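For reference, the structure discussed in these notes is given below.
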There are 2 protein chains.
Amino acid sequence: MVDRITSSQVAKRAGVSQSAVSRFYTPGASVSAKTAEKVKIAASELGYRPNILARAMVSGKSRIIGLVVAYLENYFYPEALEKLSNAFQERGYHVLIFMASQTAGNVSSVVEEILDYQVDGIVMASVALSSEVGSRCQAAGVPVVLFNRSQDMDDISSITSNNFEGGRKAARLLIDLGHQKIGYIAGWEGASTQRDREAGFNKEISDSGLSVFSRKVGNFRAERTKAATFEMFDKSKVERPDAVFVANDHMAFIVMDILRYEIGLSIPKDVSVIGYDDVPPASWRSYDLTTVRQRANLMVRETVNTILNRIENPNSSDPVKLQIDSPLVIRSSTCQKSI
Amino acid sequence: MVDRITSSQVAKRAGVSQSAVSRFYTPGASVSAKTAEKVKIAASELGYRPNILARAMVSGKSRIIGLVVAYLENYFYPEALEKLSNAFQERGYHVLIFMASQTAGNVSSVVEEILDYQVDGIVMASVALSSEVGSRCQAAGVPVVLFNRSQDMDDISSITSNNFEGGRKAARLLIDLGHQKIGYIAGWEGASTQRDREAGFNKEISDSGLSVFSRKVGNFRAERTKAATFEMFDKSKVERPDAVFVANDHMAFIVMDILRYEIGLSIPKDVSVIGYDDVPPASWRSYDLTTVRQRANLMVRETVNTILNRIENPNSSDPVKLQIDSPLVIRSSTCQKSI
DNA sequence: ATGAAAGCGCTAACAA
DNA sequence: TTGTTAGCGCTTTCAT
């Protein structure tokens with residue numbers, strides 16, 4: 001392998017000092033036009049590019065953002081990841097990926113690994129953070145923002161959609177459509193998204209003088225969701241729900257498939273179904289799922305702004321707790337009008 | 001922010017030299033039991049962890065793998081990304097993500113950026129590489145492997161499924177099922193996957209004395225695929241295909257939806273559909289798509305092995321060109337028997 | 001505006 | 001086995 005070109009080699013060729021070369025690559029530095037020209041020529045002749053790692057070591061800024069993700073099976077996350085990565089790239093940063101399963105111990109050891117890379121900031125997507133790990137990052141001076149997950153007590157910034165309002169809207173729609181027997185299929189109960197969606201949903205239901213007709217837990221996982229659906233729509237029951245709100249789109253697809261192909265109900269004639277996220281398959285014709293949209297673009301933009309702002313402004317204090325408005329997207333999995 | 005603990009601080013506290021601390025963290029180094037113990041204690045009391053970037057600078061090994069991805073909309077890639085990242089993590093590496101659109105200029109500038117980070121290796125997923133960019137990496141001594149894309153001439157390693165055989169198998173199945181009027185919907189013609197799948201498909205078709213009934217280009221993109229489907233199954237035509245092989249699953253879902261809901265054909269009664277990839281939605285009940293499986297686990301394992309082997313063995317020469325066997329997965333989007 | 005010099009935190013000879 | 005020493009490639013004072 002050919003050795004990398006260094007700034008000293010460029011300096012020698014350009015007939016200037018090594019520091020002059022460094023200054024040429026430092027945004028707000030003082031270099032005369034002629035020096036700049038000499039450096040530019042020498043650098044391009046040699047094919048020189050500054051070594052980011054060396055720069056990181058002395059400056060303390062790596063321009064690397066650590067991104068922790070638990071799973072990519074929910075297609076909201078690949079989309080978010082792509083947008084996050086692009087947004088950071090545009091601002092001169094890059095994303096170092098860390099996969100983490102939900103276990104707390106795992107998350108904490110992953111955070112240690114991240115810190116080893118001297119990242120400038122950390123984005124945690126769909127992962128909860130123990131407050132001890134949070135303060136570990138605080139101590140290291142590395143800003144953290146939670147993406148699509150929030151924690152009430154801790155002073156950690158978080159960007160989510162407004163899950164409470166989203167849950168409300170789902171309930172409101174179903175009620176307005178004339179449904180009286182409304183079921184709910186919950187996600188993993190450790191997730192703030194699940195809890196907030198359900199809380200908003202319950203609030204609107206009870207504000208309307210109704211109560212939730214049936215509740216099962218799908219845990220955000222396929223097998224559990226299948227079982228939950230079968231239990232909720234058990235044929236032996238005298239009365240079954242005429243509508244169901246599912247805590248995310250991925251579970252909703254499973255619910256729809258079971259309802260149609262296993263239980264033999266028609267959507268939306270027999271049952272209205274509504275999901276949460278608006279991932280791409282929700283708009284595929286076979287599902288055409290009414291859902292609450294998480295505005296990925298906005299969430300990503302705010303996440304990037306928040307963390308970059310913290311990086312450039314290390315002394316800023318209050319955590320940002322942003323809840324992005326989440327609009328209802330009405331498609332054909334819910335009935336058209338009063339049933 | 002609290003400053004990071006350095007090896008010198010640990011050394012002082014442990015009453016040993018700084019190099020002793022360094023040795024303690026170097027796998028095959030010579031440290032006595034008592035020194036090791038002293039360092040271990042001091043380090044844990046201080047919460048010391050080695051700075052990977054500093055280590056990278058002097059050793060020339062960053063333990064970072066650059067991963068270039070063009071798009072995550074095809075759900076084969078999030079899956080691959082997750083598995084790749086996990087596999088590298090297990091071997092002590094981490095993945096730095098670079099999103100790149102297909103344009104050659106973009107890929108080349110992205111590669112420069114990657115090289116700036118002193119990565120130990122580069123995995124390019126679904127991206128083609130100009131030979132000049134390839135030799136740029138060669139010159140930098142950074143091994144590259146293409147994931148799910150290959151290039152005949154260049155001496156760049158690549159891991160793909162056996163797309164030619166996969167295409168053949170798809171054709172064989174359709175023919176065995178008794179289909180005579182078989183259509184093909186192509187992906188983006190710049191992709192080696194598309195070309196190889198089609199070549200295998202064509203070979204088997206003509207070996208059987210048939211010819212392709214109709215061919216349209218979907219370009220791996222939704223709008224184009226819709227149009228291609230409408231053209232292929234235009235109602236004004238006297239004869240329409242009774243089967244169609246679609247170059248990937250994502251296009252196949254669109255084809256199925258159009259066929260069923262826009263054109264009013266029944267699958268598989270009127271038309272058999274077969275895709276390629278076996279992404280998760282292919283097994284969702286609404287599609288239940290017959291397809292050729294790309295064995296992501298195997299492809300990932302080989303990719304990781306190949307690149308890590310190159311990193312540890314810089315002098316090894318011949319490029320690896322691996323084609324992983326791709327089995328047919330028969331579901332209900334193809335008819336059961338001779339029609 | 002420019003060069004000299006110090007040093008970021010670590011590894012890798014080299015002696016001892 | 002251990003400590004001393006010399007850098008890795010860069011940014012950043014500090015004089016000039």
Side-chain angles (χ1 to χ4, degrees), chain A residues 1-40 42-43 46-64 92 115-120 140-141, chain B residues 1-40 42-43 46-64 92 115-120 140-141:
Chain A
M1 100 172 232
V2 178
D3 271 333
R4 236 190 124 76
I5 308 298
T6 70
S7 58
S8 307
Q9 298 175 45
V10 175
K12 180 149 67 168
R13 184 176 188 109
V16 299
S17 75
Q18 182 270 329
S19 0
V21 176
S22 173
R23 281 192 203 98
F24 176 75
Y25 287 97
T26 306
S30 45
V31 204
S32 70
K34 68 180 65 132
T35 304
E37 186 62 16
K38 283 193 282 187
V39 172
K40 189 153 77 182
L46 260 29
Y48 169 76
R49 308 200 99 218
N51 180 333
I52 293 201
L53 263 36
R55 174 181 290 171
M57 236 200 67
V58 29
S59 71
K61 258 79 249 326
S62 63
R63 303 197 80 82
I64 295 178
L115 262 16
D116 292 346
Y117 278 94
Q118 307 286 98
V119 297
D120 290 347
Chain B
M1 96 172 234
V2 178
D3 272 333
R4 237 190 124 76
I5 308 297
T6 69
S7 58
S8 307
Q9 299 175 45
V10 175
K12 181 150 63 167
R13 181 172 191 114
V16 299
S17 75
Q18 182 271 327
S19 5
V21 177
S22 173
R23 282 192 203 98
F24 176 74
Y25 287 98
T26 306
S30 45
V31 204
S32 69
K34 66 180 68 137
T35 303
E37 186 63 15
K38 284 192 279 186
V39 171
K40 189 153 78 182
L46 261 29
Y48 169 76
R49 307 199 100 220
N51 180 333
I52 294 202
L53 261 36
R55 173 181 290 169
M57 238 199 68
V58 33
S59 71
K61 258 82 247 327
S62 64
R63 303 196 80 81
I64 295 177
L115 262 17
D116 292 346
Y117 279 94
Q118 308 285 98
V119 296
D120 290 348

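Proteins get letters first, then strands, A, B, ... in listed order; numbering begins at 1 in each. The structure displayed is predicted, hence computed values, not measured ones.
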N/O donor-acceptor pair under 3.5 Å between R63(A) side chain and G92(A) backbone: yes
Sugar-phosphate, base or nothing in reach of V21(A), heavy atoms under 4.0 Å: nothing
Check: T35(B) side chain, dT2(D) base, donor-acceptor under 3.5 Å: no
Helical bend (five base pairs per end, nearest 10°) for the helix from dA1(C)-dT16(D) to dA16(C)-dT1(D): 30°
Spacing of M57(B) atom CE relative to dT11(D) atom P, expressed in whole Å: 11 Å
Touch class at under 4.0 angstrom, heavy-atom based, for T6(B) against every strand present: sugar-phosphate
Any donor-acceptor N or O pair under 3.5 Å, side chains S19(B), S22(B): no
Side-chain N,O (S17(B)) to OP1/OP2 (dG3(D)) below 4.0 Å: yes
Interatomic distance, K12(B) NZ vs dG3(D) C1' [rounded to whole Å]: 17 Å
Atom-pair distance (CZ on R63(A); C1' on dT11(D)), nearest Å: 14 Å
Rounded interatomic separation in angstrom, taking NZ from K61(A) and C1' from dT12(D): 16 Å
Flag side-chain contact, heavy atom, 4.5 Å: L53(B) against S62(A): yes
S7(B) versus Q18(B), side-chain donor and acceptor atoms under 3.5 Å: yes
Check: T26(A) side chain, A29(A) main-chain N or O, donor-acceptor pair, under 3.5 Å: no
N/O donor-acceptor pair under 3.5 Å between S17(B) side chain and A20(B) backbone: yes
Short side-chain N/O contact to dG9(D) OP1/OP2 from S7(A), under 4.0 Å: no
Contact under 4.0 Å: Y48(A) side-chain N or O vs dC10(D) OP1/OP2: yes
dT11(D) OP1/OP2 closer than 4.0 Å to side-chain N/O of S22(A): yes
Nearest-nucleotide 5' precedence on DNA chain D, A54(A) against G15(B): G15(B)
Close side-chain approach of L46(A) to R13(A), heavy-atom, < 4.5 Å: yes
Sugar-phosphate only, base, or nothing, as touched by S32(A) at under 4.0 Å among non-hydrogen atoms: sugar-phosphate
Spacing between Y117(B) atom OH and dC10(D) atom P, to the nearest angstrom: 15 Å
Protein-nucleotide distance (Q18(B), atom CD; dT5(D), atom C1'), rounded to Å: 11 Å
Student check: side-chain heavy atoms of I64(A) and D120(A) closer than 4.5 Å: no
Close side-chain approach of Q118(B) and K61(B), heavy atoms under 4.5 Å: no
Heavy-atom side-chain contact between Q9(A) and Y48(A) under 4.5 Å: no
Of S19(B) and Q118(A), the one whose closest DNA chain C nucleotide lies more 5': Q118(A)
Length of the line joining Y25(A):OH and dT12(D):P, which is rounded to integer Å: 16 Å
Interface limits on DNA chain C, where chain A has a heavy atom under 4.0 Å of a nucleotide atom: dA1(C) to dG9(C)
Between dG9(D) (P) and I5(A) (CD1): distance, integer Å: 10 Å
